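Before any comments, here is the structure.
Only a predicted model underlies this, so the values are computations on that prediction, with no experimental measurement involved.
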Amino acid sequence: LPAGYRVIGKVEAIVREEMDAIGGQEMLMPVLQPAELWRRTGRYEIEELFKLKDRREADHVLAMTHEEALTFHVARELRSYRELPKILYHVQVKERDEPRPRAGVLRTREFTMKDSYSFDRDEEGLDASYELHRGAYARILDRSGLRWYEVESDVGMMGGTGAHEYMAPCS
C-alpha cells in the first residue's frame, strides 16, 4: 500500500547511495531469461527455478538471480582488464519457487532484492570488492536505524567460497 511503498523507496534510496559510494553502477536486467544461459552453468535443474516456454516453445526461466545473464553480457562488453574492477548492481523483483522458510525468514515466491556483482582482476581484487560491500551493508543497516549483527553463512544454492548474512533481532 502507499505508506509501505514509500518506506521501500526510502530504503532503496539508502541502498543506492551506499552502493554508489563504493563505485557501484546501477543497472536493470531482464526478469525473463533464456534457459540456455542456465543450462550452460548447470543451474537449470535447480528446483526453485521457475521454468516456462514461450509461444514458439523456447525454454525460458524467471530470474532467481542474474549471474548468468550478467556474465554473458559483461563477457561481450568488457574489452580489457584495465576496465576492472567493476561493480554492477540492481534492485529488482526476483522469482523463486520457494518450498519452505529458510533460516527463520519466510521467502515468498516473488520479492525485491538488491544484487551486486563485482568483476575483478584477481583474487586479491575480489577480496577488496567483498570488503567494500561489507562496509556498505554496515552503513545501510546503521542508516536504517537497525540493531544488527553480521554472521558467516552458508553459500547455499548460488555457490561461492564464502558469505555473510546480516541479522536484525526482534521480539
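Residues forming a side-chain contact (heavy atoms from CB on, under 4.5 Å) with Asp59 (at least two apart in sequence, or on another chain): Ala35, Arg39, Tyr44, Lys53. Remark: Arg121 engages no residue in a salt bridge (Lys or Arg N to Asp or Glu O under 4.0 Å) (not counting sequence neighbours). For the ring pair (Phe, Tyr, Trp, His ring centres under 6.0 Å) test, residues two or more places apart in sequence or in another chain that qualify with Tyr130 are His164. Looking at residues two or more places apart in sequence or on another chain, you find no salt bridge (Lys or Arg N to Asp or Glu O under 4.0 Å) involving Glu83. Applying the side chain to side chain donor-acceptor pair (under 3.5 Å) test to Asp127 and every residue at least two apart in sequence or in another chain returns nothing. Under the ring pair (Phe, Tyr, Trp, His ring centres under 6.0 Å) criterion, Phe119 pairs with no residue at all, not counting sequence neighbours. Listed by chain and number, the residues in a salt bridge (Lys or Arg N to Asp or Glu O under 4.0 Å) with Arg139 are Glu18 (sequence neighbours excluded). Judged as a side chain to side chain donor-acceptor pair (under 3.5 Å), and not counting sequence neighbours, Tyr149 has no contacts. Every residue was checked against the side chain to side chain donor-acceptor pair (under 3.5 Å) condition with His60, not counting sequence neighbours, and none meets it. Partners of Arg56 under the salt bridge (Lys or Arg N to Asp or Glu O under 4.0 Å) rule, at least two apart in sequence or in another chain, are Asp54.
The stretch residues 1-13 participates, sequence neighbours left out, in these side-chain hydrogen bond (donor to acceptor under 3.5 Å, both in side chains) pairs: Glu12-Arg16.
The minimum heavy-atom distance between His133 and Ser129, with the atom names listed, is ND1-O, 2.8 Å. Closest approach of Ser118 to Asp120, counting heavy atoms only: OG-OD2, 2.8 Å. Closest of all the heavy-atom pairs between Gln33 and Thr65 is NE2-O, 3.7 Å. Of all heavy-atom pairs between Ala69 and Leu37, the closest is CA-CD1, 4.0 Å. Of all heavy-atom pairs spanning Pro169 and Trp148, the tightest one is CD-CA, 4.4 Å.
Atom CG of Leu88 and atom NE2 of His73 lie 12.0 Å apart (nearest 0.5 Å). Distance check, rounded to the nearest 0.5 Å: CZ of Arg147 to CG of Leu141 gives 13.0 Å. Here the CE-NE2 distance, from Met113 to His66, works out to 9.0 Å after rounding to the nearest 0.5 Å. Taking NZ from Lys51 and CD1 from Ile46, the interatomic distance works out to 8.0 Å, rounded to the nearest 0.5 Å. For the atom pair CD1 (Ile14) and CG (Asp142), the distance works out to 10.5 Å, reported to the nearest 0.5 Å. Between the CG atom of Asp20 and the CD atom of Glu26 there is a distance of 7.0 Å, given to the nearest 0.5 Å.
Neither Phe72 nor Met29 shares a network with the other; the hydrophobic side chains, linked directly or stepwise wherever heavy atoms of I, L, V, M, F, W or Y lie under 4.5 Å apart, form separate groups for each. Cluster annotation: Leu126 is not connected to Leu84 through the hydrophobic network of ILVMFWY side chains, with a link wherever side-chain heavy atoms come within less than 4.5 Å.
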Using the rule given for side-chain contact (heavy atoms from CB on, under 4.5 Å), can you reason through Arg134 versus Tyr166, listing the C-alpha separation, both sets of side-chain angles and the distance that settles it, and then say yes or no?
CA-CA 10 Å; Arg134 286 179 69 192; Tyr166 298 84; 3.6 Å; yes
Check against side-chain contact (heavy atoms from CB on, under 4.5 Å), Glu68 and Val61:
CA-CA 11 Å; Glu68 279 77 3; Val61 303; over 6 Å; no
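Side-chain heavy-atom separations under 4.5 angstrom define the hydrophobic clusters, and the remaining members of the one that includes Leu32 are Val31, Phe50, Leu52, Leu62.
Note on ring orientation: taking the six-membered ring where Trp is involved, the planes of His90 and Tyr117 are tilted (angle from 30° to 60°).
For the pair Met27/Leu70, a side-chain contact is recorded, criterion being any heavy-atom separation below 4.5 Å from C-beta on. Residues Val74 and Lys86 are not in side-chain contact: their nearest non-hydrogen atoms beyond the backbone lie 4.5 Å or more apart.
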